[in-house]
K.L.:
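Once you've had a glance at the structure underneath, I'll fire off some questions.
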Amino acid sequence: MKKTLIYRLAAALALVVVGLPAAAQAQYRLGAGDKIEVSVYGAPDLQRRGAISADGTFPIPLVGNVTLKGLTLDEAKERLQGLLKDKGIVKLPDVSIDVSEYRPFFMSGDLSRPGSYPYQPGLTVRQAVALAGGYDLVRFHFGQNPFVQAAELRSDYDTLRNDLMREQLRLRRVMAELDGKPTANFGSFSDVPTDPAVFDEAVAIERRRLAENLDSAKRERASLGRSLDLARERLVTLKEQATEEVAGTKQQDDQVDKVRQLYDKGLVAAQRLLDEQRSALLNRSRLASITSEAAAAKRAVEEAERQTQRFEENRTASLLKEKAEALSTLDRLQSRITSTAEKFAIIGSARSAVVTAAGTVPEVTIFRRTGEKAVRIQTDEDATLLPGDVVEITLKAGKLLGMAVQ
């Protein structure tokens, strides 16, 4: 197997690095997609490198787009020299044209690496098959390599199963938080078909998250509780002060009435009455201020109570949302796991197929465009290719055995 691969790589390398025979290069006709390099001796400004466009033209400085499609290198050289001379750009132009990269041909069918490859004049189907990695019996009639696809599906299945395990643990942690429990029952490794190290790590993450969430909620409740206690204490203090001020204001009003009676009898001076009235006014002012502060303190108590209630409601809503997300993710993962398992069963059937291809001759079909017409050519491995050809390889199996779902 290794020797065959080495031979194929050597053949492919030889096709790339070996120079083209002069005769083949002279007969090669340019086409859209060919990458060429044009230079004019003594006129470096006219040098140009690029690909022939889809309409078959190539841009030349001071000349414009020149049609080169369908011309040999000699014919293209003559056309450019004639244009440069006719336009008076160069009196005796010496043009050089080299193909740096040929337009590709295409390989499809039962091959290891179907796709596009750079064309080389004189290339045969057999050589092109070597470039494409050779025939692929494993890919035969299944579209994709079932061994590679089985490995990919196994990887996808393991990943989905681990994701499912993590979502299950997440859901158990959320349920513990909703129930107000300090711990969660995450089960054991035997309950979840996954790698024990992965399971233990996932459990540790959810336990740490549960402890952090509970600690954060506890600290937030404590902070809100302190704010509420302070607001309530201030309200109680202000109410007590208001009660004292009400009593003091009543006493002062009574004192003003007594002094007024004495003043009316001429037993006290007017200044005494004014002093008592001033004291009564100060008492009322203090009472009004304390009453205002007490109303504000009451509002602060109500706001602190609302903040505490909002915290609990928001926390519960967040946990319920996380629970719904976990349940939805679990359903989605279950569906994907079921789908992956079904695909794996089908690929297992393809992988168990044993192909015996001894003496099998591949069918070679070349799709070639000549002018505006496309033709289909049934040929063999010794056929010579042209640029732009599409080669389709079809293998015929001698036997196909072992179609059994694993």
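Since the structure is predicted, the reported quantities are computational estimates derived from the model, not experimental observations.
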K.L.:
Quick one: which of L46, V66, V95 gives a side chain to side chain contact (heavy atoms under 4.5 Å, CB included) with V38?
P.N.:
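So, applying the side chain to side chain contact (heavy atoms under 4.5 Å, CB included) to V38 and each of L46, V66, V95, only V95 qualifies.
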K.L.:
Minimum heavy-atom separation for S112 to G133, with atom names?
P.N.:
OG-O, 3.3 Å
K.L.:
What residues, two or more places apart in sequence or in another chain, satisfy side-chain contact (heavy atoms from CB on, under 4.5 Å) together with I377?
P.N.:
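I377: side-chain contact (heavy atoms from CB on, under 4.5 Å) contacts with I366, R368, V375, T379.
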K.L.:
Does the side chain of S100 come under 3.5 Å of the side chain of E37 through a donor N or O and an acceptor N or O?
P.N.:
no
K.L.:
Mark yes when over 12 heavy atoms from residues, nucleotides or ligands other than N314 sit less than 6.0 Å from its CG; otherwise mark no.
P.N.:
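Count over threshold, so yes.
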K.L.:
Between Q251 and Q255, is there a side-chain donor-acceptor contact under 3.5 Å, judged purely by atom types and distance?
P.N.:
no
K.L.:
Hey, could you give me each pair passing side chain to side chain donor-acceptor pair (under 3.5 Å) that has a residue in residues 78-96? Not counting sequence neighbours.
P.N.:
none
K.L.:
For Q252 and E276, which I'm curious about, is there any donor-acceptor pair between the side chains at under 3.5 Å?
P.N.:
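Indeed, the side chains of Q252 and E276 share at least one donor-acceptor pair under 3.5 Å.
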K.L.:
Going by the rule side-chain hydrogen bond (donor to acceptor under 3.5 Å, both in side chains), which residues pair with D45 if we only count those two or more places apart in sequence or in a different chain?
P.N.:
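D45: no side-chain hydrogen bond (donor to acceptor under 3.5 Å, both in side chains) contacts found.
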K.L.:
Taking 4.0 angstrom as the limit, do R209 and E212 come out as a salt bridge?
P.N.:
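Salt bridge flag = no for E212 with R209.
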K.L.:
Looking only at side-chain N and O atoms, does D257 offer a donor or acceptor that is under 3.5 Å from a partner on Q261?
P.N.:
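Checked: Q261/D257 side chains show no N/O donor-acceptor pair below 3.5 Å.
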K.L.:
Measure the spacing between CZ of R170 and CG of L327 and express it to the nearest 0.5 Å.
P.N.:
9.5 Å
K.L.:
Could you tell me if the side chain of S116 sits less than 4.5 Å from the side chain of F106, heavy atoms only?
P.N.:
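SC-SC contact between F106 and S116 confirmed.
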K.L.:
Walk me through it: do Q309 and E305 pass the test side-chain hydrogen bond (donor to acceptor under 3.5 Å, both in side chains)?
P.N.:
CA-CA 6 Å; Q309 183 178 0; E305 290 174 344; over 6 Å; no
K.L.:
Less than 4.0 angstrom from a charged side-chain N to a carboxylate O is my criterion; do R173 and E322 meet it?
P.N.:
yes
K.L.:
Inspect the contact between R219 and D215 and indicate whether a charged nitrogen and a carboxylate oxygen are less than 4.0 angstrom apart.
P.N.:
yes
K.L.:
Could you check whether T57 and D55, counting side-chain N and O atoms only, form a donor-acceptor pair closer than 3.5 Å?
P.N.:
yes
K.L.:
Regarding D275 and R278, does a basic nitrogen lie under 4.0 Å from an acidic carboxylate oxygen?
P.N.:
yes
K.L.:
Under 3.5 Å, which donor-acceptor pairs link side chains of residues 234-241 to any protein atom two or more places apart or in another chain?
P.N.:
from	atom 1	to	atom 2	distance (Å)
R234	NH2	E293	OE1	3.3
T237	OG1	E233	O	3.0

K.L.:
With sequence neighbours excluded, tell me which residues meet salt bridge (Lys or Arg N to Asp or Glu O under 4.0 Å) with D229.
P.N.:
none
K.L.:
Using the test side-chain contact (heavy atoms from CB on, under 4.5 Å), find all partners of E201 that sit at least two apart in sequence or belong to another chain.
P.N.:
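Testing E201 for side-chain contact (heavy atoms from CB on, under 4.5 Å), a comparison that skips the adjacent residues, returns I205.
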K.L.:
Are Y157 and I337 packed together at the side-chain level, in the sense that at least one heavy-atom pair is separated by less than 4.5 angstrom?
P.N.:
yes
